[in-house]
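These notes concern the structure reproduced below.
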Amino acid sequence: MKKYIYIAALGAITLASCSDFLDQKSASELESDNVYSSEYYTSLVANKIYGGLTNDRTYSQDMAFIYNMNSDVELVDGLGANATTVSERGFCNYNTTPGYAKLADLWTYMYGVIEDCNLVVEGINNAGAEDNKAVQASLGEAKTLRAMIYFDLLRMFGDIPMKFETTKVDLSNMYLPKTDRDEILDALIADVEEAVDLLPWAGQMNYTTERVTKGYAHALIAQMALTKAGYAIREKAKDGYETAAYTDDVYPTQRPAAAERTELYKKALQHLAAIITDGPHALNPSFENEWDLINKLTLDQKYKENIFEIPMLHNVSGELGYTVGVRLNGVTSMFGYSNSSGKMKVTSDLFYSFDKNDTRRDITCSTIQIKEGTNAAGKDATISESLGNAPFALYVGKWDPRKENDAWLIQNKAATGKHMTGINVVKVRYSQVLLWYAEVMNELAGPDAHYTGDAGITARQALALVHERAFDAKNKAEAQAYVAEIPATKEALFNAIVDENKWELAGEGARKWDLIRWNLLTQKTLEMKENYLKDVTLAQENEENDRYQKTVYFNYTDDTKTFIDETSFTWYGIPEGKTADDYEGSKSSFGNSKMTDTQVTTNLPSISSGLVGNALSTSEVPDVEVKNRYLMPIPSTTIAASNGTLYNSYGW
């Protein structure tokens with residue numbers, strides 16, 4: 001019997017402009033072998049995979065930001081009892097239940113996309129198209145996207161079922177038990193190592209960074225190798241593994257022994273060095289321009305810093321800039337429909353951890369909101385205002401409606417409901433590759449030595465590329481001095497990499513997963529709380545303290561006092577030679593918190609309470625049911641439908 005495939009697939013990717021890949025084609029029935037030996041029809045079926053990545057329960061919303069929180073820098077604030085509700089807020093604060101409906105939907109949709117990947121992989125492998133370079137590239141895409149989804153699922157759930165074949169008609173391969181995550185990672189790494197040779201670099205074969213390319217495959221292999229080398233909470237102890245000092249008695253936090261970690265670092269180095277030495281990717285010299293392009297839905301064709309962007313479609317998909325970003329508080333005459341922007345915030349502790357001359361600070365941390373109001377001329381207008389004392393509620397400034405393109409603005413002014421921005425989800429940036437490279441080189445050779453197979457730069461030099469990019473020309477020497485003065489020890493450079501990770505990537509959903517593999521998620525969360533209390537205390541004792549001013553002053557961009565000049569904020573006290581009278585506006589700020597305020601008594605203890613309990617410092621042992629429980633439960637509906645093969649662990 002001949003096999004047929006029904007194509008109601010998303011149309012071929014249009015590579016000339018961002019996110020046009022959702023062009024719909026009519027359905028047809030073709031023999032499977034004819035589909036997968038044809039470049040055109042294979043691209044249609046492969047594009048269905050990309051379409052599956054734009055669902056809210058996959059990468060348009062949930063895997064773009066919601067399930068990447070909380071950490072020490074990006075979070076949903078607790079707001080007391082709200083942190084324990086069965087909701088997104090509860091979930092992000094590590095309090096949920098297996099019955100949370102959106103969790104079940106995510107599982108269903110993510111495994112649905114995996115099934116689409118399996119269909120393409122099987123179809124191409126059975127079609128006898130080994131000599132068709134374009135078809136083989138589609139095979140590489142499907143294998144790499146399948147690995148990406150499995151990787152994200154196992155980081156979120158731990159051990160999960162692994163299936164590399166399509167579901168059989170008799171359902172004999174439908175009800176699978178869990179596979180140990182290390183076995184899954186080994187299989188994924190091997191699979192993508194085959195895929196990497198099939199894929200072109202970005203810029204070849206009409207592939208842009210909106211498609212999986214050789215660069216992303218290399219990066220994903222390195223990321224998975226580093227994750228396997230790192231710590232993870234386990235269902236049971238594994239022989240020969242190292243157990244962390246802070247660990248649960250029943251569900252231990254462990255990592256592989258030193259010899260295996262070294263081999264994994266070598267594998268990561270091989271693939272990171274390939275990107276650095278052979279690929280078309282580089283740092284955009286301007287961090288600001290990097291984010292301007294992302295907001296304007298414009299692919300960076302020159303530097304290709306974003307190694308892979310999951311393509312979204314304006315007015316159809318993409319919650320970045322709507323649910324996360326600079327706040328549009330209500331409908332405004334200048335920008336139109338409001339956004340919610342409340343599901344991911346960054347903290348005052350992150351804000352003040354930046355060097356005052358680091359250009360990333362004000363791009364990452366938005367301390368204002370935009371609303372309709374009355375300006376100094378007495379006219380109704382769109383104005384900006386300071387957020388004031390909101391230590392855990394700064395908006396993520398990387399996604400900024402003020403920078404979005406004219407097409408978005410026209411539609412947003414006409415919108416009367418939720419309006420998708422079409423901003424792509426960036427899975428890996430070149431700066432991440434450099435930071436991973438610095439980490440691997442530091443482990444293998446230390447801060448300043450070379451290692452066989454490296455990319456010709458040391459760990460310190462890779463870190464320097466990322467750090468120095470963030471400073472303008474007049475402050476570049478300061479940035480260079482900072483990197484040069486890091487002590488020449490593995491520990492010191494590692495600590496610098498951990499800091500650089502938050503300064504470079506805050507708000508992008510990477511921090512939580514790196515902290516987990518470093519076994520620092522609990523510690524850094526508690527450090528954030530501890531720092532806040534310390535800074536509030538210092539602010540009460542000293543008005544002139546460099547951190548946590550009681551009052552910040554600012555000026556406006558024009559005489560009507562419509563928009564705040566955000567460069568004028570006195571975050572570090574009133575500059576020498578100036579007084580409060582030199583400023584047109586002021587706002588009570590972080591230093592005005594008191595130990596009796598709601599922020600301290602209610603909000604602070606509830607943030608990430610499922611992970612750290614009520615602990616407020618690193619000297620306290622969290623009062624939680626399971627230590628280091630960052631993993632989420634398998635949905636109860638999934639377990640009920642598994643014919644007894646699945647179950648929950650970790651006290652869920």
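Along the sequence shown, residues are numbered consecutively beginning with 1. What you see is a predicted model, and the numbers here were worked out from it, not measured in a lab.
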| Residues that Asn339 engages under side-chain hydrogen bond (donor to acceptor under 3.5 Å, both in side chains), provided they are two or more places apart |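 Counting only residues at least two positions away or on another chain, Asn339 forms a side-chain hydrogen bond (donor to acceptor under 3.5 Å, both in side chains) with Ser341.
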
Salt-bridge present ([X], [Y]; N to O < 4.0 Å):
{"X": "Asp535", "Y": "Arg547", "value": "yes"}
{"X": "Arg234", "Y": "Asp182", "value": "yes"}
{"X": "Asp72", "Y": "Arg511", "value": "yes"}
{"X": "Asp355", "Y": "Arg360", "value": "no"}
{"X": "Lys163", "Y": "Glu115", "value": "yes"}
{"X": "Lys343", "Y": "Glu319", "value": "no"}

| query | Can you check side-chain contact (heavy atoms from CB on, under 4.5 Å) on Tyr231 and Ile516, steps first, answer last? | reply | CA-CA 7 Å; Tyr231 284 101; Ile516 287 169; over 6 Å; no

| query | Will you find, in the side chains of Thr243 and Gln254, an N or O donor that is under 3.5 Å from an N or O acceptor? | reply | yes

| Donor-acceptor side-chain pairing of Asn93 and Asn70 below 3.5 angstrom | yes

| field | Asp77, Thr84, Asn82 screened by side chain to side chain donor-acceptor pair (under 3.5 Å) with Arg89, the one that passes | value |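 Of Asp77, Thr84, Asn82, side chain to side chain donor-acceptor pair (under 3.5 Å) with Arg89 is met by Asp77 alone.
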
| message | Please list all pairs meeting ring-ring contact (aromatic ring centres under 6.0 Å, His included) that have one or both residues in residues 520-541, counting only residues at least two apart or in different chains. | response | Phe392-Tyr532, Tyr532-Tyr548

| Check against salt bridge (Lys or Arg N to Asp or Glu O under 4.0 Å), Glu305 and Arg469 | CA-CA 13 Å; Glu305 178 171 337; Arg469 190 265 296 263; 2.9 Å; yes

| query | For the side chain of Ser636 and the backbone of Pro98, is there at least one donor-acceptor N/O pair under 3.5 Å apart? | reply | yes

| Checking Asn531 side chain against Met528 main chain: does a donor-acceptor pair fall under 3.5 Å? |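 Not a single qualifying donor-acceptor pair exists.
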
| Taking only residues two or more places apart in sequence, or in another chain, which ones meet Tyr482 in a ring-ring contact (aromatic ring centres under 6.0 Å, His included)? |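 His467.
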
| Stepwise, does the salt bridge (Lys or Arg N to Asp or Glu O under 4.0 Å) test hold for Lys524 with Asp514? | CA-CA 12 Å; Lys524 290 296 182 182; Asp514 288 326; over 6 Å; no

| said: Does the Lys NZ or Arg CZ of Lys398 fall within the cation-pi geometry relative to Phe287 - under 6.0 Å from the ring centre and within 45° of the axis? | reply: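 No; the conditions do not both hold, so Lys398 does not lie above the ring face of Phe287.
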
| message | Pair Met148, Tyr216 - check side-chain contact (heavy atoms from CB on, under 4.5 Å), show working. | response | CA-CA 10 Å; Met148 178 189 82; Tyr216 181 60; 3.2 Å; yes

| task | Would you please classify the geometry between the Trp571 ring and the Phe351 ring as parallel, tilted or perpendicular, with 30° and 60° separating the classes? | result |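 Answer is perpendicular, since the angle exceeds 60°.
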
| query | When the ring planes of Phe91 and Tyr67 are compared, do they come out parallel, tilted or perpendicular, using 30° and 60° as the limits? | reply | tilted

| message | If you apply the rule side-chain contact (heavy atoms from CB on, under 4.5 Å), what do you find for Lys228 with Asp186, and how did you get there? | response | CA-CA 9 Å; Lys228 189 185 177 191; Asp186 286 340; 2.7 Å; yes

| task | For residues Ser87 and Tyr100, report the shortest heavy-atom separation together with the two atoms involved. | result |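 Heavy atoms of Ser87 and Tyr100 come nearest at C-OH, 3.6 Å.
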
| Intermediate values then yes/no, salt bridge (Lys or Arg N to Asp or Glu O under 4.0 Å), Glu443 and Arg261 | CA-CA 9 Å; Glu443 292 290 340; Arg261 294 202 306 275; 6.0 Å; no

| said: With a 6.0 Å cut-off (strictly less than), is the heavy-atom count around OH of Tyr109, excluding the residue itself, greater than 12? | reply: no

| field | Crowding at CG, Asp623 (>12 non-hydrogen neighbours, <6.0 Å) | value | yes

| field | Full working for salt bridge (Lys or Arg N to Asp or Glu O under 4.0 Å) between Asp56 and Lys102 | value | CA-CA 10 Å; Asp56 276 356; Lys102 286 188 177 179; over 6 Å; no

